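Data block below; observations after.
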Amino acid sequence: MHKKQTRSKQKQMVKDMDMAGDRREDVVIVGGGISGLATALALYRKGIRSLVLEKSKTLQATGGIIVHSNGWRALEQLGVASYLRQTADPILSGQFSSLDNGKQEEIPIWKEEMRCVRRTDLVNILAQNLPLETVRYGCNVLSIELDPVTSYPVLQLQNGTTLNAKVVIGCDGVNSKITNLTGAKAPNRLNVIGVRSFTIYPNGHKFGSEFKMIRKGDVTVGVIPMTTNQVHWFITRKYLSQEGFKISKSPKLIMNFSTESVKDFPSSVKEMVNNCWLECLHFSEYIKYRSPWNILCTHFRVGTVTVAGDALHAMTPFIAQGGSAALEDAVVLARCFARKAVVGGPGEIGSKLMVEKAFDEYLKERKTRLLRLTFESTLLGKMEETSSKLIKLLCIVLMVVLFRDLFAHTRYDCGKL
Ligand SMILES: Cc1cc2nc3c(=O)[nH]c(=O)nc-3n(C[C@H](O)[C@H](O)[C@H](O)COP(=O)(O)OP(=O)(O)OC[C@H]3O[C@@H](n4cnc5c(N)ncnc54)[C@H](O)[C@@H]3O)c2cc1C
């Protein structure tokens, strides 16, 4: 009896929504990056169909991405880990070197699985596992609001149409429009520039399976072998002047900036940067991040709208966890959603209250995890950015007290889908 009532209520609601706008969808995901595609796939594996709106004309992904054990566990739940493992060799050791004082230290990563996969391989395999037409390209979401009558979300698209949805999950990255609706503050800005790309060595490279971090002055270079003839690298450097914006628009200027940054580095690093794959050069002017207290104090849900990936927890790249955390979000969100928000037949969405409860459960579980991740990555980011010896010392003390085991976060298991 109760179920019947709920269904007829839903049907009425659907009718109302059809009258109110151009189109109606059950679950809409805004953004087709790692987070949006992983969320769509996780929901699909639980029998829930969704529509992903991506503003670009094709999938956008450049360079490599380090995936730690926790990310591999999430990829296993999504059913794509074994394919991706074939595309990227494991990293077996790590070394940090300072060119300022000659200090060398082992980075003890060999205890956990760490591989650097091509971002294109990752997003392609996620997309290929989705039903046809799940992702709609060239669909820019201009704004979102809650319908004053039904309280369900209404999306305004650039092509002039309106889309009514029962559920919206914002996976639209660090400048998320969907996060704004939840009342979250804009992310903070770290005065550090990031460049990344990869270099192909037709006859094989000489870095072996070792992850290298090399530092000189305010420049840090990371070298991560992907396969025997492909290496992913990144450069981080303090923000210098207002030139950043101009640089980001031109691959030639990004290249000049990169070669200038590594001019005092060993010849293997200079060659690697000089011979990089230009089309994959990616420049981040400023690094944006959410502080742990911002994560703690924001609800990140309004009605049946929530967020995932960088839209929820943009973090500095110094622990290489933004992408893996987005994969974990997908697994946890789909698990909570299937458990709390689905009624009757497969994928049939329950009442507004059920969806809200599902999202609250998801956010509660994720916040505990994200507090630690964002705290650690913020501290490392501050150490990179600051010129103050006192702040640096404070960060070091906090790191030693709270994060003595630098890789503890990689042992996290987001659980079964
Ligand atoms: C220099 C650097 C190095 C990094 N290295 C690592 C690493 O090694 N390992 C790791 O795990 N993480 C790393 N990260 C972090 C990682 O890249 C991000 O956490 C991850 O890409 C976030 O994925 P996302 O899908 O949430 O966001 P995004 O990748 O930003 O995707 C958002 C998508 O939404 C779309 N979109 C945006 N707005 C709209 C709209 N209005 N309408 C429709 N579509 C929209 C965009 O086109 C995009 O496709 C690094 C980050 C940086 C800056």
Side-chain angles (χ1 to χ4, degrees), residues 28-40 51-68 70-72 74-75 88 91 114-119 122-123 126-127 135-144 155-159 163 168-181 187 190 192-198 211 220 222 224 226 232-237 281-290 307-330 370 373-374 377 381 384 409-410:
V28 173
I29 294 172
V30 182
I34 295 170
S35 169
L37 295 171
T39 304
L51 174 69
V52 179
L53 305 178
E54 168 53 48
K55 69 177 176 187
S56 310
K57 297 250 160 32
T58 53
L59 288 182
Q60 297 286 300
T62 51
I65 183 161
I66 299 169
V67 181
H68 288 284
N70 56 307
W72 287 104
L75 288 169
I91 307 289
M114 175 183 175
R115 294 171 200 255
C116 185
V117 300
R118 284 164 62 127
R119 283 175 189 253
L122 176 55
V123 293
L126 293 170
V135 187
R136 202 170 288 163
Y137 297 101
C139 242
N140 189 6
V141 174
L142 292 184
S143 64
I144 179 170
L155 297 160
Q156 191 66 52
L157 309 185
Q158 197 170 26
N159 64 8
L163 189 64
V168 169
I169 304 164
C171 299
D172 47 341
V174 64
N175 300 314
S176 169
K177 291 199 167 82
I178 314 298
T179 312
N180 292 345
L181 182 77
L190 194 73
V192 173
I193 282 172
V195 183
R196 58 172 201 249
S197 185
F198 55 80
F211 165 40
T220 304
I224 311 108
M226 302 166 88
H232 168 64
W233 55 262
F234 65 83
I235 300 172
T236 59
R237 187 173 179 180
L281 256 185
H282 182 277
F283 182 92
S284 314
E285 180 208 17
Y286 302 118
I287 284 168
K288 290 190 176 166
Y289 69 99
R290 283 196 185 280
V307 286
D310 275 10
L312 169 63
H313 50 65
M315 59 183 89
T316 77
F318 302 105
I319 55 170
Q321 277 290 349
S324 290
L327 297 169
E328 291 173 5
D329 295 342
L370 293 170
L373 280 183
T374 50
S377 58
E384 198 77 14
H409 57 256
T410 68

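Every heavy atom of this structure was used, including side-chain atoms; hydrogens, water molecules and symmetry mates were not. We count ligands from 1, going down the list as the structure has it; atoms in each ligand are counted the same way. This structure is a prediction, so every number in the text was calculated from the model and none was measured. Residue numbers run from 1 in the order of the sequence given.
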Open item on the list: As a test of reading the model: which residues have a non-hydrogen atom less than 4.0 Å away from ligand 1?
Closed with: Val30, Gly31, Gly32, Gly33, Ile34, Ser35, Leu53, Glu54, Lys55, Ser56, Ile65, Ile66, Arg119, Cys139, Asn140, Val141, Cys171, Asp172, Gly173, Lys177, Arg196, Ser284, Gly309, Asp310, Pro317, Ala320, Gln321, Gly322, Gly323, Ser324

Task: Heavy-atom closest pair, residues Ala311 and Gly170 - done: CB-O, 3.5 Å

Open item on the list: Suppose we screen for salt bridge (charged side-chain N to carboxylate O under 4.0 Å, His left out). Which residues come up paired with Glu328, at least two apart in sequence or across chains?
Closed with: Arg366, Arg369

Could you give the side-chain donor-acceptor pairs of residues 314-325 under 3.5 Å, partners two or more places apart or in another chain?
unit_1: Thr316; atom_1: OG1; unit_2: Ser377; atom_2: O; d: 2.7
unit_1: Gln321; atom_1: OE1; unit_2: Asn70; atom_2: ND2; d: 2.8
unit_1: Gln321; atom_1: NE2; unit_2: Asn70; atom_2: OD1; d: 3.1

Open item on the list: Using a 3.5 Å distance criterion without hydrogens, assess whether the side chain of Thr39 forms a donor-acceptor pair with backbone atoms of Ser35.
Closed with: yes

- [ ] Name all residues meeting the side-chain hydrogen bond (donor to acceptor under 3.5 Å, both in side chains) criterion together with Asn180; count only those two or more places apart in sequence or in a different chain, and write none if there are none.
- [x] none

Task: Leu122 side chain reached by Leu75 side chain, heavy atoms, under 4.5 Å - done: yes

